[in-house]
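Report on one structure; see the data block that follows.
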There are 2 protein chains.
Amino acid sequence: MSLDTLNWKILKLLQQDARMSNAEIGRRIGISSPAVAERIKKLEDAEVIQGYTAYVSPFKAGYQLKAIITLRAFMGMLKPFLEKVKSFDEVVNCYRITGNENIVMEVVLKNQKHLETFIDKLITYGETKTQIVLSHVVKDSEIKPA
Amino acid sequence: MSLDTLNWKILKLLQQDARMSNAEIGRRIGISSPAVAERIKKLEDAEVIQGYTAYVSPFKAGYQLKAIITLRAFMGMLKPFLEKVKSFDEVVNCYRITGNENIVMEVVLKNQKHLETFIDKLITYGETKTQIVLSHVVKDSEIKPA
DNA sequence: GGTGAAAGCATCTGGTG
DNA sequence: CACCAGATGCTTTCACC
C-alpha cells in the first residue's frame, strides 16, 4: 500500500479526530469528499487503518488506578495465560515480550483492593511485578511517516 | 457525571467504531439522533470521552519493530527527560511509574538500527532496559462499567 | 481525481411528559 | 431535564466524466 503525502495527511487528521467528516478532511487537504472516502476505504481495506475508537477516560469511568504489571510465567503456564488474558476486563493492553519476563500488561483498577484481587488471579500463572502508574506522560501519540 | 446504561451503550459503540453516525447509534440503543448527540456532547464536556482516534497499524506504516523500554533516570535527569520525551516520534506511550525504574515506554521503530540509535538518545537520561514486543495479545480493549 | 443529483445525516427549533 | 418530531443545511453515496 502506497502512503503518499495525501494519505498521510488523512491519517494525521483521523488520528487527531476520527469523527471528522470526509468533507472537512477534503477541505483541509484540498480534494473532494468522494476522493477522501475512496482513499479512506483503501486504507481500511489494506488494514493501514485498523479501526476507530473513542478514548474513554478510565478515571472518569471509575478506575482510580492504573498499573503496569510484568509477568514471568511458570513452566507451561504461558499458553493458558495468553488464552485467559483476553477475558480480563482490567487488561487494557497486553504484550508478549522477549527476555526473562514474558508478558507486560497495562491494567486499570478501581482501587487497591481491586489491584490485590487482580494480582491474586495472576499468581497461578507466574511471578508478577507491579508498578503503579503515576502519570501518563505520552498518550497514544500519532503514528507518523516512517 | 452519571454514567447510566444508555451512556455506557453509547461508550461501547463509540469505542468499537468512533465513526458510527449518531443516527445509527440511536437506532441500536432505541433513542433519537438528537438525543444521542446531546448525550455525546455531555460525555465530551465531562471529559469522559477525551477524543476519537483512528488506529493506524505501525507495521503497515513502516515500523517493523515494537519495544517496551524501561528507563531508570540518573539523578536530576527525570525532569529533562519528561520534557524531551514528548518530542520523540518513536514513543507511542510513556508512563511515569513507582519503583526503582521511573519510566516505561512503548516505542515503534523501523528496524534494529533505528532501535540502536533510539537507545543512544536515551543513555544521557538514564539506564535503559529494552524488551522487544513479540505480539500484541490485547490491543486497547474497551473500558467497561466499573 | 472531479461533478451533480438523490438519499441520509447533523443540528436547530419548538413542544411533550 | 431528557427526549421526540419536523425543518434546514451538510454530508455521503452513486452515477458518470
Side-chain angles (χ1 to χ4, degrees), chain A residues 1-64 110 139-140 142-146, chain B residues 1-62 140 142-146:
Chain A
M1 174 91 203
S2 91
L3 293 179
D4 60 11
T5 316
L6 235 33
N7 278 346
W8 270 112
K9 284 184 184 171
I10 292 171
L11 291 177
K12 182 184 168 90
L13 291 171
L14 285 177
Q15 286 183 90
Q16 285 165 4
D17 177 11
R19 274 173 83 77
M20 186 179 289
S21 71
N22 295 349
E24 178 62 25
I25 295 168
R27 253 172 255 127
R28 299 209 191 177
I29 68 176
I31 62 177
S32 70
S33 80
V36 173
E38 204 174 308
R39 279 172 176 267
I40 290 178
K41 173 123 192 24
K42 282 181 188 162
L43 289 166
E44 288 167 354
D45 290 346
E47 293 179 287
V48 176
I49 297 174
Q50 300 196 327
Y52 305 95
T53 175
Y55 181 69
V56 174
S57 161
F59 189 80
K60 301 272 178 179
Y63 296 96
Q64 257 59 341
K110 280 180 272 190
K139 219 176 266 195
D140 283 325
E142 68 188 59
I143 301 287
K144 292 182 177 159
Chain B
M1 174 91 202
S2 91
L3 293 179
D4 60 10
T5 316
L6 233 35
N7 278 347
W8 271 112
K9 284 185 183 169
I10 292 172
L11 290 177
K12 183 183 167 90
L13 291 171
L14 284 177
Q15 286 183 89
Q16 284 166 4
D17 177 10
R19 275 173 83 77
M20 186 178 290
S21 71
N22 295 349
E24 178 63 23
I25 294 169
R27 252 172 255 128
R28 299 208 190 178
I29 68 176
I31 61 176
S32 69
S33 83
V36 173
E38 209 173 302
R39 277 172 176 269
I40 291 179
K41 173 126 192 21
K42 282 180 188 163
L43 289 166
E44 289 169 352
D45 289 346
E47 293 179 287
V48 176
I49 298 174
Q50 300 197 325
Y52 305 96
T53 175
Y55 183 70
V56 174
S57 162
F59 189 80
K60 302 273 179 178
D140 283 325
E142 70 188 58
I143 300 289
K144 291 182 179 158

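Numbered from 1 within each chain, the chains take letters A, B, ... in sequence-line order.
- In terms of modelled atom types and a separation under 3.5 Å, the side chain of A:Thr53 and the main chain of B:Gln15 share a donor-acceptor contact.
- The side chain of B:Arg39 sits closest to D:dC3 out of D:dC3, D:dT13, D:dT12.
- The side chain of B:Ser21 sits closest to C:dC9 out of C:dC9, D:dC4, C:dT11.
- Within 4.0 Å (heavy atoms only), B:Leu6 reaches sugar-phosphate atoms of the nucleic acid but no base atom.
- The side chain of A:Arg27 places an N or O atom within less than 4.0 Å of a non-bridging phosphate oxygen (OP1 or OP2) of D:dT11.
- Put simply, CG on B:Asn22 is 15 Å from C1' on D:dC4, counting in whole angstrom units.
- Residue B:Arg19 is out of contact with every strand shown, counting any heavy-atom pair closer than 4.0 Å.
- Whole-Å rounding puts the B:Leu3 CG to D:dA2 P distance at 13 Å.
- Heavy atoms of B:Lys41 sit nowhere under 4.0 angstrom from any nucleic acid atom.
- B:Met20 places its CE atom 21 Å from the P atom of D:dT11, with the value rounded to the nearest Å.
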A:Arg27/A:Glu24 under salt bridge (charged side-chain N to carboxylate O under 4.0 Å, His left out): CA gap, chis, key distance, verdict: CA-CA 5 Å; A:Arg27 253 172 255 127; A:Glu24 178 62 25; 2.4 Å; yes
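- For the pair B:Ile25/B:Leu14, a side-chain contact is recorded, criterion being any heavy-atom separation below 4.5 Å from C-beta on.
- In this structure, CD of B:Glu38 is placed 11 Å from C1' of D:dC4, rounded to the nearest angstrom.
- The CG-C1' distance, from B:Asn7 to D:dC1, rounds to 14 Å in whole Å.
- In this structure a side-chain-to-backbone donor-acceptor pair under 3.5 Å is present from A:Tyr63 to B:Lys144.
- Among the atoms of the strands shown, base atoms are found under 4.0 Å from some heavy atom of A:Ser32.
- Nearest-nucleotide positions on DNA chain D for A:Ser33 and B:Asp4 put B:Asp4 closer to the 5' end.
- A salt bridge (charged side-chain N to carboxylate O under 4.0 Å, His left out) with B:Asp4 is found for exactly one of B:Arg39, B:Lys9, B:Lys42, namely B:Arg39.
- Of the candidate nucleotides D:dA2, C:dG2, C:dT11, C:dG2 has the atom nearest to the side chain of A:Ile31.
- Here D:dA2 presents its C1' atom at 16 Å from NZ of B:Lys9, a figure rounded to the nearest Å.
- Picking from C:dC9, D:dT11, D:dG6 the nucleotide with the shortest atom distance to the side chain of B:Pro34 gives D:dG6.
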